[in-house]
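Being a predicted model, the structure only gives us computed values, none of them experimental. Side-chain atoms are counted along with the backbone in the values below, which use heavy atoms only and exclude waters and symmetry mates.
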Amino acid sequence: MKYDYLIVGAGFAGSVLAERLASIADKKVLLIDKRNHIGGNTYDYYNEDGILVHKYGPHIFHTNSKDVFVYLSEFTEWRPYEHRVLASVDGQMVPIPINLNTINQLYGLNLSAKGLKEFFEEHAVKIPQIKNSEDVVVSKVGRELFEKFFLGYTRKQWGIDPKDLDASVTARLPVRFNKDNRYFTDTYQAMPLNGFTALFNNMLSHPNIHLMLNTDYKDVVNIIPHKKMIYTGPIDEFFEYEYGKLPYRSIDFKFQTLEIDKYQETATVNFPNEHLYTRVTEFKQLTGQQHHQTTIVFEYPNDDGDPYYPVPKPENTELLNKYRTLIPEVPNTYFVGRLATYRYYNMDQVIAQALALFKKLTPAHEEKLPYGERFQINA
Ligand code: FAD
Ligand code: UDP
């Protein structure tokens with residue numbers, strides 16, 4: 001039999017396309033992953049103590065896209081959840097992103113929103129053209145707060161200085177004048193009720209989808225007949241590193257299960273200044289699971305492990321663009337997802353990118369898309 005599509009990678013990019021092509025366009029799909037599980041980096045499982053953990057670090061779903069939320073709601077119910085993070089700074093635990101509560105607590109002040117605006121105006125450095133991840137923060141809150149909250153964390157996370165990273169990296173965090181302690185302010189914020197892997201199981205159980213795990217696509221691509229290929233692995237690997245390696249940042253996840261019900265005040269605590277790890281996350285606070293023990297994970301960034309983070313900086317974009325010029329040389333092959341497009345994308349952005357590619361591949365099926373008003377979050 002000849003497959004319509006060979007899809008490499010069973011993370012969100014590959015799985016959304018497999019599901020759409022199979023169920024809406026009636027295509028025969030072979031979905032391959034070299035790992036022994038589906039879900040890509042969002043994969044979760046019950047550890048030996050029976051606690052639901054995320055194998056590749058904490059994943060919190062949030063989006064402003066109704067289309068993405070409604071689409072995913074076909075495959076899961078939701079647990080309303082708004083993420084909150086504390087940062088350990090100057091011996092205190094204060095909310096991050098920086099907001100009115102952060103500054104008042106850190107400096108023992110009682111500023112109003114207007115007072116905070118003046119405070120930032122006093123401290124902010126005028127930078128005519130924001131060029132990098134240092135400029136973004138220093139131009140909003142000044143050097144002192146940049147050093148307390150961003151400098152150490154960014155050096156640990158990326159192994160380079162914030163001034164060598166694109167502005168978009170630290171710009172992921174807003175600065176707020178109100179007392180909103182939430183990490184995200186997106187319209188839709190929720191965790192899949194039974195976890196991400198359960199969501200993927202629902203997504204991929206379709207007779208047109210044949211799943212092959214523990215398989216590197218290179219071992220089968222010339223053997224199994226297929227008309228088109230969708231690739232969601234690293235783009236430089238696909239082109240056999242013809243122009244050299246694109247840097248990816250990795251993380252070593254160290255899990256610990258403790259004989260206590262609750263470990264820390266918020267689901268995640270960031271450590272910009274002390275320790276080799278960047279943050280500690282307690283899974284039960286994300287998932288809402290009841291259990292007499294609790295599992296936490298420490299994140300130690302490094303250069304050597306699995307490719308988790310593309311590194312946004314000018315010379316990497318240049319190298320990416322060189323690889324992109326090779327794409328027309330491989331007809332009927334489509335690149336999508338965080339690794340294949342080398343973009344620091346959240347889950348919802350990857351899903352939106354995959355849905356957009358589906359529309360492009362099958363314009364005639366667009367009217368069949370089941371987006372609508374059916375699903376509401378019970379926040
Ligand atoms: P992936 O999930 O990486 O899937 C790619 C798949 O391709 C992998 O399973 C891989 O095994 C497979 N593959 C690669 N090469 C081959 C090959 N040669 N042959 C076969 N298979 C191959 N996003 C959020 O929205 N919220 C969060 O809180 C959040 N937290 C994150 C925390 C961490 C530590 C990390 C690393 C990411 C986080 N993200 C978060 C981002 C999120 O993980 C990604 O946006 C999303 O999972 C990317 O999906 P993808 O399908 O593009 O890639
Ligand atoms: N960041 C920081 N201090 C913090 C939190 C974030 O310096 O307490 C910077 C750091 O460079 C980080 C980036 O902001 O990599 C984006 O943070 P985010 O929490 O979005 O990272 P992710 O969850 O994707 O790892």
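- Side-chain polar atoms of Arg176 and Asn181 form no donor-acceptor pair below 3.5 angstrom.
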Practice prompt. Carefully, step by step, assess Ile327 and Thr325 under the rule side chain to side chain contact (heavy atoms under 4.5 Å, CB included).
Written response: CA-CA 6 Å; Ile327 292 176; Thr325 63; over 6 Å; no
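- Between Asn47 and Thr295, the side chains place a donor N or O and an acceptor N or O closer than 3.5 Å (distance only, hydrogens not considered).
- Within the 4.5 Å cutoff, side-chain heavy atoms of Val141 are placed close to those of Val175.
- With sequence neighbours left out, the ring-ring contact (aromatic ring centres under 6.0 Å, His included) criterion links Tyr248 to Tyr342.
- By the 6.0 Å contact criterion, CD on Gln92 is enclosed, its count of non-hydrogen atoms from other residues, nucleotides or ligands being greater than 12.
- Inter-residue side-chain proximity for Arg338 and Gln353 is flagged as unmet; no heavy-atom pair is nearer than 4.5 Å.
- Scanning for salt bridge (charged side-chain N to carboxylate O under 4.0 Å, His left out) contacts around Asp261 gives Lys284, with sequence neighbours left out.
- Follow the hydrophobic side-chain contacts under 4.5 Å out from Tyr153 and you never reach Ile60; the two are in separate clusters.
- Each of Leu52 and Trp78 belongs to its own hydrophobic cluster when Ile, Leu, Val, Met, Phe, Trp and Tyr are linked at side-chain heavy-atom distances under 4.5 angstrom.
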Donor-acceptor contacts, no H, no angles, side chain residues 304-312, under 3.5 Å, sequence neighbours left out:
unit_1 : atom_1 : unit_2 : atom_2 : d
Asp306 : OD2    : Arg35  : NH2    : 3.4

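- For the residue pair Asp186 / Thr63, no side-chain donor-acceptor distance below 3.5 Å is found, with atom types taken as modelled.
- With sequence neighbours excluded, the residues forming a side-chain hydrogen bond (donor to acceptor under 3.5 Å, both in side chains) with Asp180 are Arg182, listed by chain and number.
- With respect to Asp135, the side chain to side chain contact (heavy atoms under 4.5 Å, CB included) criterion is satisfied by exactly one of Val125, Thr170, Ile130: Ile130.
- Ring to ring, Tyr243 and Phe239 are not that close: their centroids are 6.0 angstrom or more apart.
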Fill in: Verdict with reasoning, Leu145 to Leu106, per side chain to side chain contact (heavy atoms under 4.5 Å, CB included)
CA-CA 10 Å; Leu145 288 165; Leu106 193 66; 3.9 Å; yes
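- Atom CD of Gln293 is separated from atom CG of Asp49 by 4.5 Å, given to the nearest 0.5 angstrom.
- The stretch residues 90-116 participates, sequence neighbours left out, in these salt bridge (Lys or Arg N to Asp or Glu O under 4.0 Å) pairs: Asp90-Lys148, Lys114-Glu118.
- Put simply, Leu357 and Leu21 are part of the same group of oily side chains (I, L, V, M, F, W, Y) that touch within less than 4.5 Å, one to the next.
- Side-chain contact, Asp348 with Ser65: no donor N or O sits under 3.5 Å from an acceptor N or O.
- Heavy-atom neighbours of Glu147 CD from other residues, nucleotides or ligands within 6.0 Å: above the threshold of 12.
- A heavy-atom distance below 4.5 Å is found between the side chains of Glu282 and Lys262.
- Here the CZ-CZ distance, from Phe184 to Arg84, works out to 12.0 Å after rounding to the nearest 0.5 Å.
- Relative orientation of the Phe146 and Phe150 rings is parallel, given thresholds of 30° and 60° on the angle between their planes.
- Cluster annotation: Leu116 and Leu109 are assigned to the same hydrophobic cluster (Ile/Leu/Val/Met/Phe/Trp/Tyr, side-chain heavy-atom contacts under 4.5 Å, transitive).
- In this view, Lys218 and Asp216, Glu237 satisfy the salt bridge (charged side-chain N to carboxylate O under 4.0 Å, His left out) rule, not counting sequence neighbours.
- Residues Asn178 and Asn99 bring no donor and acceptor atom of their side chains to less than 3.5 Å of each other.
- Between Val220 and Ile32, some side-chain heavy-atom pair lies under the 4.5 Å cut-off.
- Among residues two or more places apart in sequence or in another chain, the ring-ring contact (aromatic ring centres under 6.0 Å, His included) test is passed with His123 by Phe119.
- Note: Tyr344 and Trp158 meet the aromatic proximity criterion, with ring centroids under 6.0 Å apart.
- Under the 4.5 Å side-chain contact rule for hydrophobic residues, Leu193 and Leu199 do not share a cluster.
- Taking CD of Glu318 as the reference point, atom CG of Asn316 lies at 9.5 Å (rounded to 0.5 Å).
- Think of Leu276 as one node in a network of Ile, Leu, Val, Met, Phe, Trp and Tyr side chains linked at under 4.5 Å; its network also takes in Leu86, Met93, Leu258, Ile260, Tyr263, Val269, Phe271, Tyr277, Val280, Ile296, Phe298, Tyr300.
- Counting heavy atoms from C-beta on, the side chains of Leu31 and Ser15 come closer than 4.5 Å.
- Defined by atom type and a distance below 3.5 Å, a donor-acceptor pair is present between the side-chain atoms of Glu274 and Ser88.
- His59 is linked by a ring-ring contact (aromatic ring centres under 6.0 Å, His included) to nothing, counting only residues two or more places apart in sequence or in another chain.
- Of the residues Val16, Ile7, Ile230, the one that meets the side chain to side chain contact (heavy atoms under 4.5 Å, CB included) test with Val336 is Ile230.
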Fill in: Verdict with reasoning, Arg172 to Asn346, per side chain to side chain contact (heavy atoms under 4.5 Å, CB included)
CA-CA 11 Å; Arg172 286 167 63 90; Asn346 292 326; 3.0 Å; yes
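- In this structure, Lys66 forms no cation-pi arrangement with Phe69, as its terminal cationic atom is not both closer than 6.0 Å to the ring centre and no more than 45° off the ring axis.
- Residues Tyr3 and His226 place their aromatic rings such that the two centres sit no closer than 6.0 Å.
- Residues satisfying the salt bridge (charged side-chain N to carboxylate O under 4.0 Å, His left out) criterion with Asp26, sequence neighbours excluded, are absent altogether.
- For residues 1-11, the pairs satisfying salt bridge (Lys or Arg N to Asp or Glu O under 4.0 Å) are Asp4-Lys227, with sequence neighbours left out.
- Under the 4.5 Å side-chain criterion, counting only non-hydrogen atoms from C-beta, Tyr45 is not in contact with Thr197.
- In this structure, Leu361 and Lys27 have side chains that are not in contact, with every pair of non-hydrogen atoms separated by 4.5 Å or more.
- To the nearest 0.5 Å, atom CG of residue Leu72 and atom CE of residue Met347 are 9.0 Å apart.
- Applying the ring-ring contact (aromatic ring centres under 6.0 Å, His included) test to Phe238 and every residue at least two apart in sequence or in another chain returns Tyr231, Phe335.
- In this structure, the side chains of Ile38 and Leu204 come closer than 4.5 Å at one or more pairs of heavy atoms.
- A distance of 13.0 Å separates OH in Tyr345 from CG in Leu339, rounded to the nearest 0.5 Å.
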Worksheet item: Can Asn132 and Lys163 be said to form a side-chain hydrogen bond (donor to acceptor under 3.5 Å, both in side chains), step by step?
Response: CA-CA 5 Å; Asn132 56 54; Lys163 64 173 165 333; over 6 Å; no
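- Taking the centre of each ring, Phe196 and His54 come in below the 6.0 Å mark.
- Without hydrogens or angle criteria, Ser133 side chain to Asp166 main chain gives a donor-acceptor distance under 3.5 Å.
- Rounding to the nearest 0.5 angstrom, the gap separating the CD atom in Gln289 from the OG1 atom in Thr294 is 9.0 Å.
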